[in-house]
Protein chains: 2
Amino acid sequence: MFAKACPSRHTLEHVTGRWGGLTMGVLVDGPLRFNELRRRVDGISEKMLSQTLQALERDGLVHREAQPTNPPRVDYSLTPLGRETAERLLALIHHLEARMPEVLEAQQAYDTR
Amino acid sequence: MFAKACPSRHTLEHVTGRWGGLTMGVLVDGPLRFNELRRRVDGISEKMLSQTLQALERDGLVHREAQPTNPPRVDYSLTPLGRETAERLLALIHHLEARMPEVLEAQQAYDTR
DNA sequence: CTGTATCCCGATCGATACTG
DNA sequence: CAGTATCGATCGGGATACAG
């Protein structure tokens, strides 16, 4: 599990990285287009959103569906695997948010010491 | 949940960052000393282990107990909050590892396309 | 609208040496 | 043993411009 070369570490980093989790989190509610995603993931740049989506698509967590229309329209959604993964990730996030009072208290105690 | 300024994002990054999760993962099995941790978290440097532990301790996820002996002995362990957090994180990691065949298959398909 | 390409800066991280 | 200090190299990531 903690071997350096373990291939799951790469995927784990995509999911838990700075933008991966947030991106999957907003996709849980349903498919979104590129610029909708960009607006909902607070602070992400075009470049990072593009890179994040490519990594998640390559890992089979996100499905990309491009309509050959003009102007182009591309919908991103979670695959079944992506949805299962997002659920576990959200369980972690929600747990952390629920416990933030404890965390903040611990930080206060640490800093004053 | 996805606000840029949300304080839980900082803690989330400590937990899901490159070393935070791995460090908490090895601590689930019980308390460990500094160099034991260093050996078990494959590839981590002294500096990063030190920084990681300080961040997790400040967040109230890891407990640090120093014995005033010579040579010094310091034990690191998970707090109850840290344990609950680690469980959810491990649920994510184990899920991902169990599905790695699917992930690798998706990557193959993506790359050949 | 949906991206890609380029530049560039600062943060991150590893290696090394050193201290208590 | 348990860290801290310092120095480079690397890399993530933002801004901008551009393409289909």
Side-chain angles (χ1 to χ4, degrees), chain A residues 2-5 9-24 26-27 30-59 62-77 110 113, chain B residues 2-5 9-23 26-27 30-59 62-77 110-111 113:
Chain A
F2 301 105
K4 199 175 189 174
R9 290 249 294 237
H10 292 77
T11 302
L12 184 63
E13 280 175 25
H14 296 158
V15 173
T16 64
R18 181 155 178 208
W19 300 116
L22 296 171
T23 303
M24 294 183 71
V26 301
L27 283 176
L32 289 172
R33 301 176 60 181
F34 187 84
N35 276 329
E36 287 173 335
L37 274 168
R38 182 153 153 54
R39 280 187 291 274
R40 297 210 195 188
V41 181
D42 193 15
I44 197 170
S45 67
E46 287 183 7
K47 179 174 134 183
M48 292 319 298
L49 180 55
S50 179
Q51 287 183 6
T52 299
L53 288 169
Q54 281 180 26
L56 293 175
E57 186 195 359
R58 181 168 182 272
D59 290 338
V62 161
H63 175 65
R64 178 182 187 276
E65 182 139 16
Q67 316 285 349
T69 61
N70 192 315
R73 174 193 179 96
V74 182
D75 284 295
Y76 293 93
S77 57
Y110 185 94
R113 187 158 38 82
Chain B
F2 302 103
K4 198 176 190 175
R9 290 248 294 237
H10 292 76
T11 302
L12 184 62
E13 281 175 23
H14 296 157
V15 174
T16 62
R18 182 154 179 211
W19 300 116
L22 296 173
T23 303
V26 301
L27 282 176
L32 288 172
R33 302 175 63 177
F34 187 85
N35 277 327
E36 287 173 335
L37 274 167
R38 184 153 152 53
R39 280 187 290 274
R40 297 211 196 187
V41 181
D42 194 14
I44 197 170
S45 67
E46 288 182 7
K47 180 174 134 184
M48 293 317 299
L49 179 57
S50 179
Q51 287 183 6
T52 299
L53 288 170
Q54 282 179 26
L56 294 176
E57 184 193 0
R58 180 168 182 271
D59 290 338
V62 160
H63 175 65
R64 177 183 188 276
E65 182 140 13
Q67 317 283 348
T69 60
N70 193 313
R73 175 193 178 95
V74 182
D75 283 296
Y76 292 93
S77 56
Y110 184 94
D111 291 341
R113 187 161 36 84

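In this text the structure is predicted, and so the values were computed from the model without any measurement. Quick note on labels: first sequence line is chain A, next is B, and so on, each numbered from 1.
- OP1 or OP2 of C:dC1 has not a single side-chain nitrogen or oxygen of A:Asn70 nearer than 4.0 Å.
- Residue contacts shown for A:Arg38 are absent, as no nucleic acid heavy atom lies under 4.0 Å away.
- Relative to the axis of its first five pairs, the axis of the last five pairs of the helix from C:dC1-D:dG20 to C:dG20-D:dC1 sits at 50°, rounded to 10 degrees.
- We find that CD of B:Gln67 is positioned 13 Å from C1' of D:dA2, with the value rounded to whole Å.
- The phosphate of D:dG3 (OP1 or OP2) has a side-chain N or O of B:Tyr76 nearer than 4.0 angstrom.
- The CG atom of B:Leu32 lies 14.5 Å from the CZ atom of B:Arg38; values are rounded to the nearest 0.5 Å.
- Following rounding to the nearest Å, A:Arg64 (CZ) and C:dC1 (P) show an atom-to-atom distance of 16 Å.
- Heavy-atom distances under 4.0 Å link DNA chain C to A:Glu46, A:Lys47, A:Ser50 of residues 44-52 of chain A, given in residue order.
- When rounded to the nearest whole Å, the span between CH2 of B:Trp19 and C1' of C:dT12 equals 12 Å.
- Of the candidates D:dT4, D:dG13, D:dG20, D:dG20 carries the atom nearest the A:Pro72 side chain, counting heavy atoms from C-beta on.
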From CA spacing to verdict: side-chain contact (heavy atoms from CB on, under 4.5 Å), A:Gln54, B:Tyr110: CA-CA 10 Å; A:Gln54 281 180 26; B:Tyr110 184 94; 4.0 Å; yes
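- If you measure from atom CG of A:Leu53 to atom C1' of D:dG13, you get 16 Å, rounded to the nearest angstrom.
- The distance from the CG atom of A:Leu37 to the CD atom of A:Glu46 is 12.5 Å, given to the nearest 0.5 Å.
- Shown here are the salt bridge (charged side-chain N to carboxylate O under 4.0 Å, His left out) partners of B:Arg64, two or more places apart in sequence or in another chain: there are none.
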Trace of the side-chain contact (heavy atoms from CB on, under 4.5 Å) decision for B:Leu56 with B:Leu27: CA-CA 12 Å; B:Leu56 294 176; B:Leu27 282 176; over 6 Å; no
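- Taking 4.0 angstrom as the limit, A:Arg18 places none of its side-chain polar atoms (N or O) nearer than this to OP1 or OP2 of D:dC11.
- For the pair A:Gln54 CD and D:dG12 P, the interatomic distance rounds to 14 Å; values are reported in whole Å.
- Remark: B:Arg33 is in phosphate contact with D:dA2, judged by side-chain N or O atoms under 4.0 Å from OP1 or OP2.
- If you take CZ of A:Arg39 and C1' of C:dC1, they are 10 Å apart, rounded to a whole angstrom.
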Residues B:Arg18, B:Ile44; criterion side-chain contact (heavy atoms from CB on, under 4.5 Å); working and verdict: CA-CA 10 Å; B:Arg18 182 154 179 211; B:Ile44 197 170; over 6 Å; no
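- A straight line from CZ of A:Arg73 to C1' of C:dG3 spans 16 Å, rounded to a whole angstrom.
- Remark: P of D:dG13 and NE2 of A:His14 are 11 Å apart, rounded to the nearest angstrom.
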